[in-house]
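Lettering of chains follows the sequences in order, A, B, ..., and the numbering in each one begins at 1. Both backbone and side-chain heavy atoms feed into the values below; hydrogens, waters and symmetry mates do not.
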Number of protein chains: 2
Amino acid sequence: MRIGELATQAGVSVRALRYYEEQGLLGSVRSPSGQRHYVEAAVDRVQLIQHLYAAGLASRTIAELLPCVDAQVSTPESRATLSAERDRIDRQITELIQTRDRLDAIIDLTTRPDLSGCVIKEDSYAM
Amino acid sequence: MRIGELATQAGVSVRALRYYEEQGLLGSVRSPSGQRHYVEAAVDRVQLIQHLYAAGLASRTIAELLPCVDAQVSTPESRATLSAERDRIDRQITELIQTRDRLDAIIDLTTRPDLSGCVIKEDSYAM
DNA sequence: CTAGAACCTGACGTTGACGTCAGAGGCAAG
DNA sequence: CTTGCCTCTGACGTCAACGTCAGGTTCTAG
């Protein structure tokens, strides 16, 4: 599998894949002419990388953690990084839920029929 | 309340507050000498801005939505933006939960006692 | 065999939310 | 009055994850 097809299948750009390799996140086998070739499993790996990026992890952090995924082994440092990032994501989720609920409240407030123009109510008071 | 105290109370930098004003997110009253003065409610507003930034909204989007919060009224466009962002945050939460669970699985796999050194199992096969 | 698509390596450009520095003025205390 | 902290307005710097362009090679379909 060459870089263009991997890009298509994983839904990222060719440039991104080269960047991942540059950051030590994604390996490739080079053909004699220098072209990158990937195994099928690379699709999943790229998507994992994307999810970790989306969760706010930096390249360096991902580069530190991916070997654990590969070798299924963790050092004390990587264990610390793993649980730290896990907890950070957890707090991020909590905050996002609050913000989402806040947006819901705003939507509710601003969508609800505007009672300020409801003069009839005042008439009923005047009775 | 001057800019330094607002920065302290809201937990952001002075530079950030000037930036918010520049982006039209945060108003201030100027003293004759040109210094910014803020009302108490500015603390909450700054924290709302921070939460919206943390949720991935851009300055322009926030600038578009804050008037709704203030006036409690929404235009058709702002309603669309509001629900679009709400849904985006919702998807983001879902993805973050998946990534967190993925990290949990990795932690579990790499922390668990290493069975690869357990040769006794192979002996039991050899029986 | 040839055109066009895909690939390569640099290397500079982009974007957003600020950080930081320079130079100048403002304000309360002693 | 002056010392020291706070504030002001530009304006350039930063950082990360790519985008984009240049200039050249390689693969593939007809």
Side-chain angles (χ1 to χ4, degrees), chain A residues 1-39 42-43 45-66 81 85 88-89 92 95-96 99, chain B residues 1-39 42 45-66 81 85 88-89 92 95 99:
Chain A
M1 189 183 212
R2 292 193 302 176
I3 198 170
E5 195 182 343
L6 177 57
T8 303
Q9 292 207 16
V12 304
S13 70
V14 166
R15 177 68 176 94
L17 295 179
R18 295 205 189 100
Y19 178 74
Y20 298 165
E21 182 171 326
E22 187 185 326
Q23 299 295 309
L25 310 180
L26 181 63
S28 67
V29 180
R30 296 301 185 103
S31 73
S33 66
Q35 297 202 346
R36 295 171 176 86
H37 289 266
Y38 302 92
V39 293
V43 179
R45 153 144 321 211
V46 170
Q47 284 169 353
L48 173 58
I49 294 173
Q50 285 275 305
H51 287 141
L52 293 178
Y53 273 134
L57 280 80
S59 292
R60 275 178 213 171
T61 311
I62 300 179
E64 186 186 346
L65 298 184
L66 282 182
T81 307
E85 292 299 332
R88 198 185 47 73
I89 294 175
Q92 197 177 336
E95 199 184 323
L96 279 180
T99 303
Chain B
M1 189 183 212
R2 290 192 304 175
I3 198 170
E5 195 180 343
L6 176 57
T8 302
Q9 292 207 17
V12 302
S13 69
V14 168
R15 177 67 175 94
L17 295 179
R18 295 204 190 99
Y19 178 74
Y20 297 164
E21 182 170 325
E22 188 184 326
Q23 299 296 310
L25 310 180
L26 181 63
S28 67
V29 181
R30 298 301 186 101
S31 72
S33 66
Q35 297 201 343
R36 295 170 176 86
H37 288 264
Y38 301 92
V39 293
R45 155 145 316 210
V46 169
Q47 284 169 354
L48 173 59
I49 293 172
Q50 285 277 304
H51 287 141
L52 294 178
Y53 273 135
L57 281 79
S59 291
R60 275 178 213 168
T61 312
I62 301 179
E64 185 186 346
L65 297 184
L66 281 181
T81 306
E85 292 298 332
R88 200 186 46 74
I89 294 175
Q92 197 177 336
E95 199 184 324
T99 303

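- Taking atom CZ of residue A:Arg2 and atom C1' of nucleotide D:dT25, one finds them 13 Å apart after rounding to whole Å.
- In this model, the phosphate group of D:dC18 is not approached by any side-chain N or O of A:Tyr19 to a distance below 4.0 Å at OP1 or OP2.
- The two atoms that bring A:Val46 and A:Leu17 nearest to each other are CG2-CD2, 3.7 Å, heavy atoms only.
- What you find for B:Thr81 and B:Glu64 is that their closest heavy atoms are OG1-OE2, 2.9 Å.
- As rounded to whole Å, 9 Å separates atom P of C:dG16 from atom CD of B:Gln23.
- Tested against B:Ser28 for a side chain to side chain donor-acceptor pair (under 3.5 Å), the candidates B:Arg2, B:Arg18, B:Glu21 yield a single pass: B:Glu21.
- Listed here is the closest heavy atom pair of A:Ala55 and A:Ile89: CB-CD1, 3.7 Å.
- Note on B:Tyr20: a side-chain N or O is less than 4.0 Å away from OP1 or OP2 of C:dC18.
- Note: CZ (B:Arg15) to P (D:dG13) measures 14 Å, nearest angstrom.
- Taking both residues in full, the closest heavy atoms of B:Arg88 and B:Leu57 are given as NH2-CD1, 3.7 Å, listed atom of the first, atom of the second, then distance.
- Residues from residues 29-36 of chain A lying near DNA chain C, meaning a heavy-atom separation below 4.0 Å, are A:Arg30, A:Gly34, A:Gln35, A:Arg36 in numerical order.
- Atom CD in B:Glu21 sits about 12 Å away from atom P in D:dG10, given to the nearest Å.
- The line from OG of A:Ser59 to OH of A:Tyr20 is 8.0 Å long, rounded to the nearest 0.5 Å.
- Residue B:Glu22 contributes atom CD, which lies 12 Å from atom C1' of C:dG16 at whole-angstrom precision.
- The phosphate of D:dC8 has OP1 or OP2 within less than 4.0 Å of a side-chain N or O from B:Arg18.
- Between the CG atom of A:Leu6 and the C1' atom of C:dC8 there is a distance of 16 Å, given to the nearest Å.
- Summarising the geometry of B:Arg45 relative to B:Leu66, their closest heavy-atom pair is NH1-CD1, 3.4 Å, with the distance given to 0.1 Å.
- When rounded to the nearest whole Å, the span between CD of B:Glu5 and C1' of D:dC5 equals 15 Å.
- B:Ser59 has no side-chain polar atom (N or O) that falls below the 4.0 Å cut-off from OP1 or OP2 of C:dG16.
- Of the two residues near DNA chain C, B:Val14 and B:Arg60, the one whose nearest nucleotide lies more 5' is B:Arg60.
- Straight-line distance from the CG atom of B:Leu17 to the P atom of D:dC8: 10 Å, rounded to whole Å.
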